[in-house]
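Note sheet for the following structure.
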Amino acid sequence: MMKDIINFLDKDYNLVKKDSHLSSNQLRTRPSSFASILGAWRNWRISLAEKRLENKKDKLLKEEFKAAADGHLTEAANNALIQKTQAIAKLEEKIRILSRENVPRNFVATHAIKLRKKMYENMAFNGNNAYVVGADKYEKVFEPEPIPVPEAEPVIPEVDNNVNMTDSSELVEDIAASADTTSVEVPVVEEVAPEKKEVEVVPSELQRGAIQAAIDNEFEKIKNSQKIKMVAPEDVAEAVKNVSTVSRSDIASEIDAHLDQIDAPVDESQNFQNEINSVFADADAHLNDMKVNQNGSSAAKIDRYNDEGLVAEKPWIEEEQKIKDDDIPKVIDIPVNNDPVEEPREEIPVADTVVDDVLDVPVQPEPVEETPDSKEWVPLTDEQIELFRKDLEEHPIVSTVSDDLEDYPDPNVTLPEDIELPTQDEAVRDFVVVTPDREEHPTNVEEFVPVETEPVSTDANERVISVNHETSKEELEQLRARIEGLKARQHASKKAMDEAERMDQNTAERATEALRDREESDLVREEQIGRLREYGDALEEDCIFNENRARIAIENVECNERFIQLQRERIRDNDELIDSLSSLVGPEATNVRRR
Amino acid sequence: MENKDVEKKIMSIVAEDGSIEEVEVILAFEFKDTKKEYVIYTKNEKDENDNITVYVSNVDRSSGDPKLMGIDDEEEWNRVKDVLRELSKGE
């Protein structure tokens, strides 16, 4: 029987502390089991309340109250009687409520929250919304406007136990409306600057058009200053026949090699990081290593063109460079807009109207800064071109890239799904009969489409033609994104594993510590018991010894008394003998004796 | 008397960071031999099978203020589970 093992308790648990996350053990119960447990405790509370009620009633009936001269109760007696009857009424009400069947089980979230004065102060100070507050009341409570100090004494309303506060939003509203934060030391309220405003730049419609036109003009200006002319796509293939560049397959293969190493175990996180960094560095290096053809032009890097074609006009161009007219590709000028290039640019109109604290400031485009990449490319010399050719002959480039993008399936890289990290409270122990529906999480399927490659050509004259550098860039970007996703995933999984290991370790340590403490306490207890036993034995021996001594002493005393008794008897006998002898001898003997 | 206080015993748990969480106590008892106090509470969490998650803690009042502690001892935990198992069957 449970009654023999446990005692039910009905204490107040208003505020309890919880030190660590592992301060409670979890169980899952069926609804019927949950109801039985709750019912057992409730029944005990009901019986306890009924006993108390009976006791109070009996006491009240037997109690005598003082009466005044007029027969009515005195004020003190009346108050005492009222208190006692109220207590009885509360108990009866409690029993009635507990005894109700089919009590609706409201969630805790809907329970009205009692705010003590200190709790409210802390809440206002910290600004932490630990309580359920309506979203519309959030600003009113936590970002209040300066509250005027009332003339009357400020009173922060405390929730009355007799008031049935069912709406937490109403409660917060009442508190916010009547609270006087100035009388309470709440630094957050004092620090709030309600008049803080931000300046927002919003160009008007007219200005947007002007701004856009100005931006376009600036870009046009920049292009024209560099005299860059667009090349028609159809001429690119012919124009870059002599382009020697790194093939897309090389880039892809190298990235694949790095990606293969991404699936390394968690322990190689440092190597993984290094690999990722190297991949990015290599990708950047490859992009930057786009070679310029012998004519000094390429689809990626646009050199200086004049009206007739590619001509190196810079003084730093070596005179040895020879450019054949046949090699000069025809370029087609594609003007950006219809405006003449040499027309001066109009200044951007500046409006400075302030309307309702919104300052209309038109956005001026920033001047384009010359970067090293924007400078004109240095055409390669013949020697350099020859070196490239030799290098290509020795290391022919592998793949052939066609203009038809359909040959290349889209690298359908899907980032992994969100990882469900184990929470701290998942040390679940099964209780009663709960059928765990364990479903394995679907494995994250990543589609990785390798770049198609063809066998190495033995013909040294074949060249890789990389037509669409932008496509390769997009692929690189996608690969980068994939790398980032994998990196994040690995980091998250590693973090989860570390957290789980740390939790296990903490649990094990606590268990061992508890065991160790118990063992030590047992040892100490045993030692104490041993000492007590020894002490008891010593005391017992001492007692025995003392008893013996006492007995011996008593015996000695008795012997002495007997001896004394005997001596007295002898003396008496001697006296009698002497008297008898003296009577026989006569008076002369008596005189002799007396002498 | 507020009906909800009688109907449900609410416990406010103060975490290390100062946040307060309100939970409902469904059972409180102590073992007669060890005099250790336990409280079982719930946050009304249900899983897909309508099973309710309950939390079991040991209440430590040695420092004055009540403090919730976990149950690390296997034997002690088994005893608590036995008690809950018996109560769930109904007396």
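In what follows, chains are A, B, ... by sequence order, proteins preceding strands, each numbered from 1.
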Item to check | Arg518(A), CZ: over 12 other non-hydrogen atoms inside 6.0 angstrom | outcome: no
Next on the checklist: For chain A, which candidate among Glu37(B), Lys32(B), Met11(B) shows the most heavy-atom pairs at distances under 4.5 Å?
Outcome noted: Lys32(B)
Checklist entry - Is it true that atom CD of Glu75(B) has more than 12 heavy atoms of other residues, nucleotides or ligands lying nearer than 6.0 Å? => result no
Checklist entry - Based on non-hydrogen pairs under 4.5 Å, which of Asp65(B), Thr53(B), Asn58(B) is most in contact with chain A? => result Thr53(B)
Checklist entry - OH of Tyr38(B) to CD of Glu30(B): how many Å apart, nearest 0.5 Å? => result 10.5 Å
Next on the checklist: Working note: Tyr55(B) + Val23(B), criterion side-chain contact (heavy atoms from CB on, under 4.5 Å); need CA distance, chi angles, decisive distance, verdict.
Outcome noted: CA-CA 10 Å; Tyr55(B) 301 84; Val23(B) 298; over 6 Å; no
Item to check | Winner by heavy-atom pair count (cut-off under 4.5 Å) against chain A, out of Asp60(B), Thr34(B), Asp73(B), Val59(B) | outcome: Asp73(B)
